Amino acid sequence: MAKQKKEFVTEITPQQEDFSRWYIDVIKKADLMDYAPVRGCIVFKPEGYELWEACQRELDKRFKATGHRNAYFPLFIPESFFQKEKEHVEGFNPELPWVTEAGGEKLEERLAIRPTSETIIGHMYSQWIQSYRDLPVLINQWANVVRWEKRTLPFLRTSEFLWQEGHTAHASEAEAREETMKILDLYTDFVETELAIPVFRGQKTPSEKFAGAVDTYSIEAMMKDGKAVQAGTSHYMGQNFAQAFDIKFLDKDNQLKYAYTTSWGVSTRLLGALIMVHGDDRGLALPPRVAPTQVIIIPIGPQKERERVVNHAEDLRQRLLAANIRVRMDAREDLSPGWKFNEYEMRGIPVRLEVGPRDMDNGQVVLVRRDTGEKTPVSTDSLLSALPQLLDDIQANMYAKAKAFRDEHSYTADTLPELADIIREKRGFVLAGWCGDEACEKAVKDECSATSRNIPFQPPQEMKHCINCGKPAQHTVWFARSY
RNA sequence: CGGAGCAUAGCGCAGCUUGGUAGCGCGCCUGCCUUGGGAGCAGGAGGUCGUGGGUUCAAAUCCCGCUGCUCCGACCA
């Protein structure tokens, strides 16, 4: 058996050997995506797309619960719109695809394919908002966006990706800032609760903030190779976009004022994070709360027992379905049980339910956890009460494991050589002091290609001196290499 | 966009150095057999060798261009 195990894993490159290869192997073997015939674009295959649907479901629930409503704005953005906000146009120009011709005729004004929708939404808001009574406007959009990236990686950075972008307008700075933080909390809750990924919350440094924002906040997650993924961002725009797009309202005091806006988003990049945080050398591992299939039933038995076992297994399936458990059964006869065991572990299904003649005679089934590999016989009678508990345990355990890993790979450093050494040798996040000078931030990057991830609200430790120049630190910052 | 590597059957690869009728494993199809950790036997199908040019009597093989993917850098959800 040990020998077979070894042979099996040769189909997936071990993480230790080459993490990048492992990632590509897993997403292809688990059938999450395929490369599309356009540079940097992927097809989200059903297994992958259903994961995104699970994210949509959970996020949408939270958006609605906080008073947001969905709407949809055009894919095309007139070129002139980009010119209205200086930082914004500079930030996005390099990665915009343009439509210059349609219906065989050259367009009078080029149309960008949206990289994000602040501009066109700002334009609409300026027409919708007249009075303080029209505020706040709380709108979210589920959409695809395009950024012509130089370097792509499935899910984590693709030329076209799926996301949600929230855009809100408020009467006061305080209210807009509150919204910005409320969404950061919402993202934190979603990512930690549903995806079982612990995050570091904080504020982006000026060089890392969104083009056109006053302040950008992020949640940052650590992958198993120690690199960071920005899992979500929330931006306070101040009146920058309101001024650029003339979003004005008449306030209670009869004064015409610019609105305060926010925007915030998470994307299909989350799927990449999900895979890299929980996956192992046997393949994917999905947290039960977002797993498209939570339980896979494998009926086992020789030919003469087959019908009896499958009927019983089908009965179990119906009962689990009725209990709102996402369950599937694989009763194919041409594949051995062992093959299926490996297959569904590779696909990350949280729980496998094995049932064979011996189990039936004992009035039990065997439950196998993907996260620990633990096999437990459970009496058929108590299955319906045991399963939800087991799924909760797995979810909690996956979060705990991810958090333990992250904490084990989080360090502090007082000097640049020390920081660079940790980044290169140990991998992970490094907490360091920063004087606030962009040059010092860049020095870190030049030394070891780690960038500032964010300035945590509550750093585990206050760092006293700038990592590069040694002057008194103005901020304590997380540094890491990132995707 | 710079540096490196790769592209041959659905998947993983060999063949290329030294040009001469395209191979292996897995998967797939048929039959028998089999089911508690990727079973076995027998027979079979499947490839414009990424693409466009060039050299040559002859190109998967040598040369040039292009495209895509992977890795390393500069830019980003």
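First the proteins, then the strands, lettered A, B, ... as listed; each starts at 1. No experiment lies behind these values; they were computed from the predicted model shown.
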Checking all strands, does [X] fall into the base, sugar-phosphate, or nothing category for heavy-atom contacts under 4.0 angstrom?
{"X": "A:Y35", "result": "sugar-phosphate"}
{"X": "A:P154", "result": "sugar-phosphate"}
{"X": "A:E305", "result": "nothing"}
{"X": "A:V229", "result": "nothing"}
{"X": "A:R332", "result": "nothing"}
{"X": "A:G272", "result": "nothing"}

Hey, which of these two, A:D334 or A:P299, hits RNA chain B nearer its 5' end, going by closest nucleotide?
A:D334

In terms of the nearest nucleotide of RNA chain B, which residue is placed more toward the 5' end: A:G40 or A:G301?
A:G301

Determine the Euclidean distance between corresponding [atom1] atoms of [M] and [N]; express it in Å to zero decimal places.
{"N": "B:rA74", "M": "B:rA4", "atom1": "C1'", "result": "16 Å"}
{"N": "B:rG65", "M": "B:rG3", "atom1": "P", "result": "12 Å"}
{"N": "B:rC66", "M": "B:rA7", "atom1": "C1'", "result": "14 Å"}
{"N": "B:rG47", "M": "B:rC28", "atom1": "C1'", "result": "15 Å"}
{"N": "B:rG10", "M": "B:rG27", "atom1": "P", "result": "16 Å"}
{"N": "B:rC64", "M": "B:rU30", "atom1": "C1'", "result": "48 Å"}
{"N": "B:rG50", "M": "B:rC6", "atom1": "P", "result": "13 Å"}
{"N": "B:rU21", "M": "B:rG68", "atom1": "P", "result": "34 Å"}

Of the listed nucleotides [options], the one nearest the side chain of [X]:
{"X": "A:Q303", "options": "B:rU34, B:rG37, B:rG36", "result": "B:rU34"}
{"X": "A:R358", "options": "B:rG37, B:rG36, B:rC69", "result": "B:rG36"}
{"X": "A:D359", "options": "B:rG37, B:rG36, B:rA39", "result": "B:rG36"}

Spacing of [X] atom [atom1] relative to [N] atom [atom2], expressed in whole Å:
{"X": "A:R306", "N": "B:rU35", "atom1": "CZ", "atom2": "C1'", "result": "7 Å"}
{"X": "A:I300", "N": "B:rG36", "atom1": "CD1", "atom2": "C1'", "result": "5 Å"}
{"X": "A:F19", "N": "B:rU70", "atom1": "CZ", "atom2": "C1'", "result": "16 Å"}
{"X": "A:N342", "N": "B:rU35", "atom1": "CG", "atom2": "P", "result": "19 Å"}
{"X": "A:E343", "N": "B:rG27", "atom1": "CD", "atom2": "P", "result": "12 Å"}
{"X": "A:L335", "N": "B:rG40", "atom1": "CG", "atom2": "C1'", "result": "15 Å"}
{"X": "A:K29", "N": "B:rG10", "atom1": "NZ", "atom2": "P", "result": "16 Å"}
{"X": "A:E333", "N": "B:rC32", "atom1": "CD", "atom2": "C1'", "result": "15 Å"}

Considering only heavy atoms, which members of residues 111-125 of chain A lie under 4.0 Å from some atom of RNA chain B?
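Result for residues 111-125 of chain A: none.
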
Report, as a single string ordered 5' to 3', how protein heavy atoms within less than 4.0 Å touch nucleotides 71-77 of chain B: B base, S sugar-phosphate only, - not at all.
SBBBSBB

Salt bridge present between [X] and [Y] (N-O < 4.0 angstrom):
{"X": "A:E305", "Y": "A:R308", "value": "yes"}
{"X": "A:R62", "Y": "A:D189", "value": "yes"}
{"X": "A:E447", "Y": "A:R424", "value": "yes"}
{"X": "A:D371", "Y": "A:R369", "value": "yes"}
{"X": "A:E345", "Y": "A:R370", "value": "no"}
{"X": "A:D334", "Y": "A:R332", "value": "no"}
{"X": "A:E53", "Y": "A:R57", "value": "no"}
{"X": "A:R147", "Y": "A:E160", "value": "no"}

Under 3.5 Å for both donor-acceptor distances, Watson-Crick or wobble: does [N] have a partner, and if so which one?
{"N": "B:rG73", "value": "B:rC1"}
{"N": "B:rA7", "value": "B:rU67"}
{"N": "B:rG20", "value": "B:rC57"}
{"N": "B:rG46", "value": "none"}

Base of B:rG36 paired with side chain of A:K375 (donor-acceptor, under 3.5 Å):
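Between B:rG36 and A:K375, which were checked side chain against base, a qualifying N/O pair under 3.5 Å is absent.
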
For the ring-ring contact (aromatic ring centres under 6.0 Å, His included) test, which of A:W163, A:F44, A:F161 pairs with A:F155?
A:F44

Could you check, using the six-membered ring where one of them is a Trp, whether A:W98 and A:F76 have ring centers closer than 6.0 angstrom?
no

Let's go through A:F200 and A:S410 carefully: what are the C-alpha distance in whole Å and the side-chain angles of both, what is the deciding distance for side chain to side chain contact (heavy atoms under 4.5 Å, CB included) to 0.1 Å, and is it a yes or a no?
CA-CA 11 Å; A:F200 283 132; A:S410 296; 3.8 Å; yes

Cation-pi, A:F429 ring and A:R406 (6.0 angstrom, 45 degrees)
no

